[in-house]
There are 2 protein chains.
Amino acid sequence: MINQYKDEDKVLLAVDCIIFGFDNEELKLLLIKRDFEPEKGKWSLMGGFLKKSEVLDEAASRVLQHLTGLNDVYMEQLYSFSKIDRDPVERTISVAYFALINIADHNSELSESHSAQWFGLEDMPELIFDHNAMVKHAIRRLRYRTATQPIGFELLPEKFTMRQLQKLYEAIFDHELDKRNFTKKINAMDLLVRLDEKDMTSSKKGSFLFKFDEQKYKKKVMDGFSFKV
Amino acid sequence: MINQYKDEDKVLLAVDCIIFGFDNEELKLLLIKRDFEPEKGKWSLMGGFLKKSEVLDEAASRVLQHLTGLNDVYMEQLYSFSKIDRDPVERTISVAYFALINIADHNSELSESHSAQWFGLEDMPELIFDHNAMVKHAIRRLRYRTATQPIGFELLPEKFTMRQLQKLYEAIFDHELDKRNFTKKINAMDLLVRLDEKDMTSSKKGSFLFKFDEQKYKKKVMDGFSFKV
DNA sequence: TCAAAAGTGTTTTACATACACCCATGA
DNA sequence: TCATGGGTGTATGTAAAACACTTTTGA
């Protein structure tokens with residue numbers, strides 16, 4: 001078969017990862033300080049190029065794994081960015097992905113070796129290229145996804161307190177929530193299992209730990225779901 | 001500056017358009033019968049390759065314009081598909097776009113010259129490559145977008161009756177709606193202007209024509225918006 | 001005069017919101 | 001004993017859903 005596509009333009013395809021974490025207080029992003037040109041020394045999302053042997057999801061996982069050491073992470077393709085001069089070196093289209101990780105899980109030596117650092121959404125530096133726009137987009141998507149599927153749990157450790165979960169939702173929606181109403185709504189979802197175990201670090205009384213029920217969780221994700229603020 | 005990207009793989013980037021239309025009864029898709037290999041003679045979405053001089057949105061508009069003659073159409077980037085062998089000729093990543101057009105507006109000679117044809121979602125043929133998956137994805141997005149922004153109007157002529165609008169929403173959500181509740185909800189949106197004009201084709205009594213108020217429409221799109229079924 | 005679609009309001013139900021006090025404990 | 005965060009229920013408002021009859025007019 002002759003190749004009827006041979007006169008078409010080829011381009012570089014990058015993936016860039018918006019990596020969200022949660023430190024029990026605020027939503028954070030893992031950014032790297034570029035140690036190569038162009039824009040050396042500036043802050044940037046972690047990225048890489050698609051190889052011919054990979055699909056996009058694999059490329060994004062590889063990039064994430066490279067920076068955090070983590071596998072099996074919640075990732076979702078976001079949007080493809082294609083401004084002509086977005087990368088000054090060469091025409092590059094970038095497919096943005098966002099990832100939700102548990103900060104405690106990531107390999108911090110690996111991150112440090114990439115001069116990576118967590119930033120709160122409020123005190124983030126300016127990023128290179130169109131990365132600021134990617135982050136904006138990712139926050140919107142995270143809010144929508146959280147309102148639609150219980151993916152918030154991906155950002156928490158396996159066992160967590162109701163207050164941690166609430167703080168997380170508050171951070172994602174940037175909106176204070178009522179403790180009682182929140183508990184009610186979460187319980188109505190019927191996704192959590194309360195353990196016979198308390199976290200004693202946050203108060204003298206201690207607060208119950210929960211984990212979420214993966215079976216029910218998967219079912220809810222399938223059926224759709226709604227959380228409103 | 002030396003090109004530090006020179007060892008990276010380059011790929012072909014395609015755009016494929018999911019083109020929705022509405023014929024007052026059902027949602028339809030504009031498909032083309034391929035007249036070139038591979039998969040010649042099979043049904044497919046309209047597509048094309050990204051040129052180095054274009055951004056993705058431009059490529060998608062060009063492809064759409066080529067088939068329908070239409071400019072200034074509602075289009076939205078959907079998702080990028082990257083399975084290794086999705087196109088057997090060469091490694092090609094495709095960025096899917098969806099478009100909403102008014103069937104009456106499109107240039108039907110142009111479409112015919114591409115052997116294009118409208119299909120209801122129910123009686124659609126199997127499509128080549130991963131185009132079926134693209135369509136599925138597009139329907140999901142269209143539902144979400146319609147629930148979130150009043151974009152349904154993009155599929156209607158300038159003047160339309162309340163029943164046409166209802167039929168459209170019913171087609172999008174594949175769900176019958178109550179006439180009274182629908183009218184109430186649409187009126188509450190405060191987007192429509194009732195004209196002193198009736199459409200006499202659908203009944204003896206005739207039914208009022210409406211148009212939507214572009215000013216208010218734009219404002220609502222900005223502010224966000226909610227329509228639930 | 002009747003068939004066919006248009007138009008129009010009220011009641012019921014579910015869900016979101018607002019709101020305040022007691023509990024357990026370590027210091 | 002008291003300061004701190006944890007845990008819980010009820011009343012109110014708002015939006016969705018269910019539901020049926022009258023109007024107009026061309027055939």
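Keep in mind that what you see is a predicted model, and the values were worked out from it rather than measured. What's counted below: heavy atoms across the whole structure, side chains too, no hydrogens, waters or symmetry copies.
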Between CD on residue Gln65(A) and CD on residue Glu58(A), distance to nearest 0.5 Å: 13.0 Å

So which protein nitrogen or oxygen atoms get under 3.5 Å of nucleotides 24-27 of chain D's nitrogens or oxygens?
none

Shorter than 3.5 Å, N or O on both sides, protein versus nucleotides 19-21 of chain C: list them out with atom names.
| from | atom 1 | to | atom 2 | distance (Å) |
| --- | --- | --- | --- | --- |
| dC19(C) | N4 | Asp178(A) | OD2 | 3.2 |
| dC19(C) | N4 | Arg180(A) | NE | 3.4 |
| dA20(C) | N1 | Arg180(A) | NH1 | 3.4 |

Going by the rule salt bridge (Lys or Arg N to Asp or Glu O under 4.0 Å), which residues pair with Glu170(A) if we only count those two or more places apart in sequence or in a different chain? none

From the list dA6(C), dG7(C), dG7(D), which nucleotide is the closest neighbour of the side chain of Phe208(B)? dG7(C)

Between [N] ([atom2]) and [X] ([atom1]): distance, integer Å:
X         : N       : atom1 : atom2 : result
Leu177(B) : dA16(D) : CG    : P     : 12 Å
Phe182(B) : dT8(C)  : CZ    : C1'   : 16 Å
Leu192(B) : dG7(C)  : CG    : P     : 12 Å
Asn187(A) : dA16(C) : CG    : P     : 14 Å
Asp199(A) : dG7(D)  : CG    : C1'   : 15 Å
Phe210(A) : dG7(D)  : CZ    : P     : 7 Å
Glu25(B)  : dA5(C)  : CD    : C1'   : 13 Å
Leu209(A) : dG7(D)  : CG    : C1'   : 15 Å

Consider side chain to side chain contact (heavy atoms under 4.5 Å, CB included). Of Gln117(A), Lys42(A), Met124(A), His114(A), which one does Leu31(A) pass it with? Met124(A)

Sequence-distant partners of Tyr144(A), ring-ring contact (aromatic ring centres under 6.0 Å, His included), two or more places apart: Tyr144(B)

Please work out which residues in residues 156-164 of chain B have a non-hydrogen atom less than 4.0 Å from an atom of DNA chain C and list them by number. Arg163(B)

Using the six-membered ring wherever Trp is involved, compare the ring planes of Phe160(B) and Phe210(B) and label them parallel, tilted or perpendicular (cut-offs 30° and 60°). parallel

Parallel, tilted or perpendicular, as decided by the 30° and 60° cut-offs, for the rings of Tyr169(A) and Phe173(A): tilted

Could you check whether any side-chain heavy atom of Phe182(A) comes within less than 4.5 Å of a side-chain heavy atom of Met162(A), counting everything from C-beta outward? yes

Looking at side-chain heavy atoms only, is the closest gap between Lys198(B) and Leu209(B) below 4.5 Å? no

Hey, could you give me each pair passing salt bridge (Lys or Arg N to Asp or Glu O under 4.0 Å) that has a residue in residues 102-126 of chain A? Not counting sequence neighbours. none

Sub-3.5 Å donor-acceptor pair from the side chain of Thr146(A) to the main-chain atoms of Gly152(A), do we have one? no

Establish, for the pair Arg86(A) and Phe129(A), whether the NZ or CZ atom is under 6.0 angstrom from the six-membered ring centre and no further than 45 degrees off its axis. no

